[in-house]
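A note on names: the letters A, B, ... follow the listed sequences, proteins ahead of strands, and every chain is numbered from 1.
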Amino acid sequence: MAAAQPVKAELRRDVTVWGSYMWGFADVGADTFVALGLVFAYAQGASPLAFLLAGTVYILIGLAYTELASAYPVAGGGQYFALRGLGDFWGFVSGAALILDYTIDIALFAYFAVTYFAHFVPALSEMTIALGPFHHVRIGLALATLALIAFLTWLNVRGMRESSLLNEVVGVLVILTETAIICMGLIFAWKPELLARQWSETFSSFDTGQFFYGASLAIISFVGLESISQAAQETRRPATVVPRTSVALIFTVFLFALSLSVLTLGMVDWRVFLDERNVGKSVTLVASGLPWIGPLAEDFVAVLAALVLTISANSGVMSVSRVAFSMSKFDFISSWFEHVHPRFRTPARTIVIFSAIGAIQVILASLTESAIDTLANMYAFGATLGYLLVMVSLIRLRFSDPYTPRPYRVPFNIALRRQGVTVHFPLLGLVGLIGVASIFVIVLLTHRIAAIAGPSWVALCFLYYAWYRRRRRLPVLRRVERDWESEQKAVLESAEEYDLLEQYRLALAERDRWYRRMAHSAERGLDS
Amino acid sequence: MMSPAEVHISWLGTLLALIFALSLGGLLWWMLHPPAPIGPAVARAFRGVSALKRILVPVKGTSYSDRAVELACRLGYDQQAEMILAYIIEVPLSLPLGTPLDQEEKKAREAIQRASEIVKLHGLKSIPVIERDRDVGRGVLRVVTDHDADLVVIGLNPRRVAAGDAVGKGIETILRRAGIEVIIDMVPEG
């Protein structure tokens with residue numbers, strides 16, 4: 001069944017190299033403020049190793065995203081890649097995982113922003129109540145988080161113009177501050193002997209389960225690379241720019257996460273992170289240990305962290321609208337979600353509904369023993385499920401669409417000749433797939449809440465998807481035929497990637513010629 | 001929580017800080033220096049040449065047709081193009097098309113052999129074709145279609161042009177009707 005492609009307004013391409021990098025950094029850069037204390041609470045002295053393990057898998061995932069985002073520079077990210085590579089059903093599953101991640105992003109980052117803010121108003125963290133069977137509900141933090149989410153929702157519905165300048169200024173401040181903390185800390189405050197002692201203590205009674213749990217949480221330090229893919233449709237010369245900004249983002253975040261964990265282990269006793277209040281302000285704890293500027297740096301980092309985490313929560317509100325738009329465009333969800341508010345010209349329904357889901361997640365998480373841990377569990381589930389589908393799509397698209405030029409290709413490939421065209425099987429893609437599949441299994445095995453709530457979320461979304469597709473008389477499990485070739489040419493043309501456009505046209509002409517030759521040979525065979 | 005005044009300098013920490021700063025700075029510098037963009041016409045020209053997978057050279061066993069083979073080999077070297085070396089035996093209308101023309105056929109084989117040696121020097125694959133036709137131009141066009149050629153490279157006799165003659169009816173037919181890119185190579189004598 002051929003589906004008509006709806007006519008849509010083109011997004012203007014005005015995101016620069018630095019803008020594209022900052023778009024990603026505004027999302028991923030805040031992750032370290034969230035993950036550092038959490039990972040230390042579980043992986044203890046082996047935390048740098050947990051970051052290294054998760055970071056290695058993340059690099060492989062990041063390279064896959066880099067290849068796909070530069071080859072298909074359209075909004076939609078992982079959901080679009082899964083749709084192209086695996087078909088409608090998996091495209092929908094990937095979209096559901098992304099929506100889960102973005103709503104958790106709203107909840108988790110808003111919660112952490114409030115936790116860092118509580119550095120100045122300690123009463124917020126201290127305020128706890130008992131609600132029936134739920135003891136020790138941190139009502140102060142929960143209410144403040146709900147207020148922050150309500151504020152962000154209101155801002156976005158009213159059509160707050162996201163200030164890319166603010167994002168860039170805050171992003172630069174975060175990079176400079178983290179660099180200063182790491183360099184100053186390593187030179188003037190880092191004690192190799194403390195690191196060695198904590199390391200050997202951990203390994204003398206090594207708990208494999210705790211370590212892998214920590215490693216699976218460490219993956220959340222790297223969530224957000226998706227945003228560069230989401231921004232690809234608005235980036236100037238995306239095929240040239242996106243590989244550079246993606247690779248730079250992957251390695252800067254990896255460097256920050258690894259260096260901060262090494263620095264922390266040589267400056268702070270990991271046991272302080274057993275107290276959830278410290279988990280929520282881990283980077284300020286490290287900053288407070290800097291000589292000369294410690295107290296000042298502590299307050300500055302707390303303000304900066306609260307700001308960057310709020311921006312990150314806000315980027316969750318905006319990104320979830322983009323994913324919902326993209327899903328609606330491909331008939332995964334109703335076009336009701338595309339409705340634009342007549343007065344404010346914003347996707348008000350999407351913003352309110354998904355922010356409300358984020359708020360519900362905060363309420364439910366606050367009822368559990370550790371709200372942070374619960375939200376991080378769900379975040380890890382959504383991220384690893386989405387990443388898993390992206391890795392499968394990378395491999396599948398190498399075979400199903402070898403014609404689309406790939407300005408960046410994940411290295412280490414085996415060249416195979418198939419139907420007159422050379423197909424490159426990605427060995428590193430396979431390693432990445434195994435890595436992310438392992439982390440996904442670990443998340444399911446070790447995160448009790450994620451193992452139940454995560455699949456339940458996907459199942460709930462599937463029920464809606466199946467109902468909607470049947471109502472629209474579209475296949476539920478099969479794919480809808482689409483003219484990807486014309487779309488790809490239009491995308492490359494609008495992106496002004498003329499060199500890639502020529503490569504693509506020539507590859508298609510070569511394919512058509514191969515089919516003609518085959519048909520000709522077959523005819524000759526029949527004649528003789 | 002540790003005291004903010006405590007200073008502890010180690011060579012390992014300093015080294016790690018240096019590695020960190022250099023790696024971060026290098027990464028951001030690399031990211032901010034992407035290659036310059038190219039326009040649609042440049043892209044078409046650049047990719048157009050690299051897309052030439054089958055190059056047809058009409059050979060005659062002369063020095064200028066040898067030069068055309070050499071030129072074609074250089075154009076096709078990067079993409080390892082196949083060289084179609086075509087010799088068209090022009091059969092006069094007064095003779096049946098299948099008439100044995102031993103002398104002409106021997107000349108054709110020798111011209112193709114000579115051209116194949118040039119192709120072999122470049123390590124490329126050659127496809128020898130000997131065709132009979134009433135008209136050379138039409139014969140070349142048939143080879144273009146049958147062998148799916150992307151480009152025709154023709155060596156032109158400079159003496160003929162110097163004498164004030166037209167470039168030839170066959171070449172004009174190819175230029176008008178080939179439907180693919182045609183390169184005519186002529187080196188002035190002297």
Side-chain angles (χ1 to χ4, degrees), chain A residues 17-18 21 175 179 182-194 236-237 240-241 243-245 247-249 251-252 255-256 258-259 262-263 266-269 272 285 288-298 493 496-503 505-507 509-510 513 516-517, chain B residues 1-54 79-82 127 144-151 179-181:
Chain A
V17 179
W18 187 246
Y21 175 77
I175 291 175
T179 304
I182 290 168
C183 290
M184 275 197 73
L186 282 172
I187 297 171
F188 299 114
W190 189 65
K191 296 174 188 154
E193 58 278 9
L194 176 62
R236 279 186 218 149
R237 296 170 59 214
T240 314
V241 167
R244 284 183 179 247
T245 51
V247 168
L249 183 67
F251 286 98
T252 45
L255 267 175
F256 277 131
L258 200 60
S259 308
V262 169
L263 177 69
M267 279 179 71
V268 181
D269 187 333
V272 300
L285 268 181
S288 70
L290 292 177
W292 308 301
I293 57 162
L296 190 69
E298 187 181 359
E493 181 129 38
E496 297 180 10
E497 290 289 359
Y498 301 114
D499 188 33
L500 294 181
L501 181 61
E502 285 308 314
Q503 277 187 54
R505 281 189 181 136
L506 293 169
E510 190 64 27
R513 177 193 278 187
R516 272 204 309 276
R517 275 189 204 152
Chain B
M1 215 176 299
M2 58 190 295
S3 158
E6 194 179 334
V7 177
H8 190 285
I9 300 175
S10 70
W11 67 266
L12 185 61
T14 309
L15 181 69
L16 288 176
L18 192 68
I19 292 171
F20 170 80
L22 286 177
S23 311
L24 188 66
L27 258 174
L28 294 179
W29 190 91
W30 169 80
M31 180 190 80
L32 291 168
H33 291 80
I38 58 169
V42 178
R44 204 162 294 137
F46 177 67
R47 289 294 161 193
V49 172
S50 60
L52 303 171
K53 297 287 167 58
R54 287 188 159 199
Q79 67 275 22
Q80 293 289 294
E82 292 173 334
I127 302 170
V144 166
T145 314
D146 289 353
H147 291 270
D148 217 358
D150 301 306
L151 167 73
I180 56 169
E181 189 177 352

Which atoms form the tightest heavy-atom contact between [X] and [Y], and what is the distance?
X	Y	value
V262(A)	L16(B)	CG1-CD1, 4.5 Å
M31(B)	W18(A)	CE-CE3, 3.7 Å
W190(A)	G13(B)	CE3-CA, 3.5 Å

Considering only heavy atoms, which portion of [X] lies under 4.5 Å from any heavy atom of chain B: side chain, backbone, both, or neither?
X	value
T179(A)	both
E493(A)	neither
L255(A)	both

Nearest-0.5 Å distance, [atom1] of residue [X] to [atom2] of residue [Y]:
X	Y	atom1	atom2	value
H8(B)	E193(A)	NE2	CD	4.0 Å
I187(A)	L15(B)	CD1	CG	10.5 Å
Y21(A)	L32(B)	OH	CG	9.0 Å

Against chain A, label W11(B) side chain, backbone, both or neither, depending on which of its atoms sit under 4.5 Å from a heavy atom there.
->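 The answer is neither part of W11(B).
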
Qualifying residues under ring-ring contact (aromatic ring centres under 6.0 Å, His included), relative to F20(B), sequence neighbours excluded =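 By the ring-ring contact (aromatic ring centres under 6.0 Å, His included) rule, F20(B) matches F256(A).
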
All salt bridge (charged side-chain N to carboxylate O under 4.0 Å, His left out) counterparts of D269(A), not counting sequence neighbours |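 Result, salt bridge (charged side-chain N to carboxylate O under 4.0 Å, His left out) vs D269(A): R271(A).
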
Is the closest side-chain heavy-atom distance between [X] and [Y] below 4.5 Å?
X	Y	answer
R516(A)	D148(B)	yes
V42(B)	Y498(A)	no
T240(A)	P35(B)	yes

Tell me, out of P192(A), A507(A), G185(A), who's got the most heavy-atom pairs with chain B below 4.5 Å.
->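 Top option by heavy-atom pairs under 4.5 Å: P192(A).
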
So which of L12(B), I19(B), L27(B), L28(B) has the biggest tally of heavy-atom pairs under 4.5 Å with chain A?
->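 Most heavy-atom pairs within the cutoff with chain A belong to L27(B).
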
